[in-house]
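A short worksheet on the structure shown next.
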Protein chains: 2
Amino acid sequence: MLLSHTCSAQELEDALRVLEGRWKTLIIYHLFTAPVLRFSDLRRAVEGISQKMLIQQLRDLEENGVISRKVYPVVPPKVEYGLTKDGLALRPVLQALQTWAQSRSS
Amino acid sequence: MLLSHTCSAQELEDALRVLEGRWKTLIIYHLFTAPVLRFSDLRRAVEGISQKMLIQQLRDLEENGVISRKVYPVVPPKVEYGLTKDGLALRPVLQALQTWAQSRSS
DNA sequence: CAGTATCCCTCCAGATACTG
DNA sequence: CAGTATCTGGAGGGATACTG
């Protein structure tokens, strides 16, 4: 028994669904390196993502309580995205992934 | 700066690609709870996966050096899957995910 | 038991154009 | 700037049948 079974496969599956897809974890990563990013900032940061995919993934993450969206009623429009408390709690996951990524690229 | 930048987004992206999809992380999870599993064991463990998807994901993971495949030349056939050293190195990732999954389900 | 081989189809990613 | 709307091809993935 290498992992505790206090967490069921079902719980893990639910958590994985929140992060599923090619983009979500990368978006979260960039929100860790800079705590607040505007839509256009994210487009530049997440290389290769289309406008449509970005807004779609952002909406998903927001719905799942991982990121927050703050709209400033100004012209031109200004919207800032940041991590929620739940999103910030993902830091150990991202750090573990980084460590793994480095260990296998060497 | 909340995460170290010794790891580029590119490295992270490569690592994420290895784990991408609905099934791979779950397969790895089950190989952590039981260090060695046969094909039919995995089919039972990973609920809802089809034979085709299972073999496809297993091949992907094997190609990326995360799992190993051992064939016993017996009748009926016997094939065992397990984690490689690289796969075992994913334990902190899985553990962090578990912790997160539990914290948000509560 | 542990796969292959097909057929089929949905749905999502990507490109493009447009808007408040 | 921060989106929405629409079209499209192709991958993802299910069902079924077959095999060493």
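The figures that follow rest on heavy atoms only: side chains count, while hydrogens, waters and symmetry mates do not. Keep in mind that what you see is a predicted model, and the values were worked out from it rather than measured. To find a chain, count down the sequence lines: A is the first, B the second, and so on, and within it residues start at 1.
- Listed by chain and residue number, B:His30 satisfy the side-chain contact (heavy atoms from CB on, under 4.5 Å) test with B:Ala45 (two or more places apart in sequence, or in another chain).
- As rounded to whole Å, 12 Å separates atom C1' of C:dG14 from atom CZ of A:Arg43.
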Listed pairs under 3.5 Å, donor-acceptor, residues 46-63 of chain B side chains, sequence neighbours left out:
from: B:Ser50; atom 1: OG; to: B:Met53; atom 2: N; distance (Å): 3.2
from: B:Gln57; atom 1: OE1; to: B:Lys24; atom 2: NZ; distance (Å): 3.2

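- Remark: P of C:dC1 and CG of B:Leu58 are 17 Å apart, rounded to the nearest angstrom.
- Straight-line distance from the CD atom of B:Gln56 to the P atom of C:dA2: 19 Å, rounded to whole Å.
- Residue A:Trp23 places at least one side-chain N or O under 4.0 Å from the OP1 or OP2 atom of C:dG14.
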(request) Let me have DNA chain D in dot-bracket notation, would you? Count Watson-Crick plus G-U wobble pairs, both distances under 3.5 Å, and use [ ] for pairs crossing earlier ones and | for inter-strand partners. (result) ||||||||||||||||||||
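- Under 4.0 angstrom from either OP1 or OP2 of D:dG12 there lies no side-chain N or O belonging to B:Arg22.
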(request) Using a 4.0 Å cut-off on protein heavy atoms (strictly under), produce a 5'-to-3' string for nucleotides 15-20 of chain D with B for base contact, S for backbone-only sugar-phosphate contact, and - for none. (result) B----B
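- The only option from A:Glu80, A:Lys70, A:Arg44 that meets the side chain to side chain contact (heavy atoms under 4.5 Å, CB included) definition with A:Arg38 turns out to be A:Glu80.
- Judged by closest nucleotide on DNA chain C, B:Ser40 is the one of B:Ser40 and A:Met53 placed further toward the 5' end.
- Going from atom CD1 of A:Ile55 over to atom C1' of C:dT16 covers 18 Å, rounded to whole Å.
- In this structure B:Arg22 satisfies the side-chain contact (heavy atoms from CB on, under 4.5 Å) test together with A:Glu20, sequence neighbours excluded.
- Atom-to-atom, CG of B:Asp41 to P of C:dA2 comes out at 7 Å; the value is rounded to the nearest Å.
- Qualifying side-chain contact (heavy atoms from CB on, under 4.5 Å) partners for B:Thr25, counting only residues two or more places apart in sequence or in other chains: A:Leu16, B:Leu19, B:Leu94, B:Leu97.
- OP1 or OP2 of D:dG3 sits under 4.0 Å from a side-chain N or O of A:Tyr81.
- In terms of phosphate contacts, A:Arg38 brings no side-chain nitrogen or oxygen within less than 4.0 Å of OP1 or OP2 of D:dG3.
- When the P atom of C:dG3 is taken as reference, atom CG of B:Asp60 falls 14 Å away, rounded to whole Å.
- Here A:Leu42 contributes atom CG and A:Phe39 contributes atom CZ; the two are 8.0 Å apart, rounded to the nearest 0.5 Å.
- We find that CD of A:Glu47 is positioned 19 Å from P of C:dA13, with the value rounded to whole Å.
- Other members of the cluster containing A:Tyr72 are A:Val74, with ILVMFWY side chains joined at under 4.5 Å, either directly or via other members.
- Residues meeting the salt bridge (charged side-chain N to carboxylate O under 4.0 Å, His left out) test with B:Arg17, sequence neighbours left out: B:Glu13, B:Asp14.
- Applying the side-chain contact (heavy atoms from CB on, under 4.5 Å) criterion to A:Val18, with sequence neighbours excluded, gives A:Asn64, A:Val66, B:Trp100, B:Arg104.
- One interatomic measurement links the two molecules: CZ of A:Arg59 to C1' of C:dC12, which rounds to 18 Å at whole-angstrom precision.
- Residue B:Arg44 has no polar side-chain atom (N or O) positioned under 4.0 Å from OP1 or OP2 of C:dC1.
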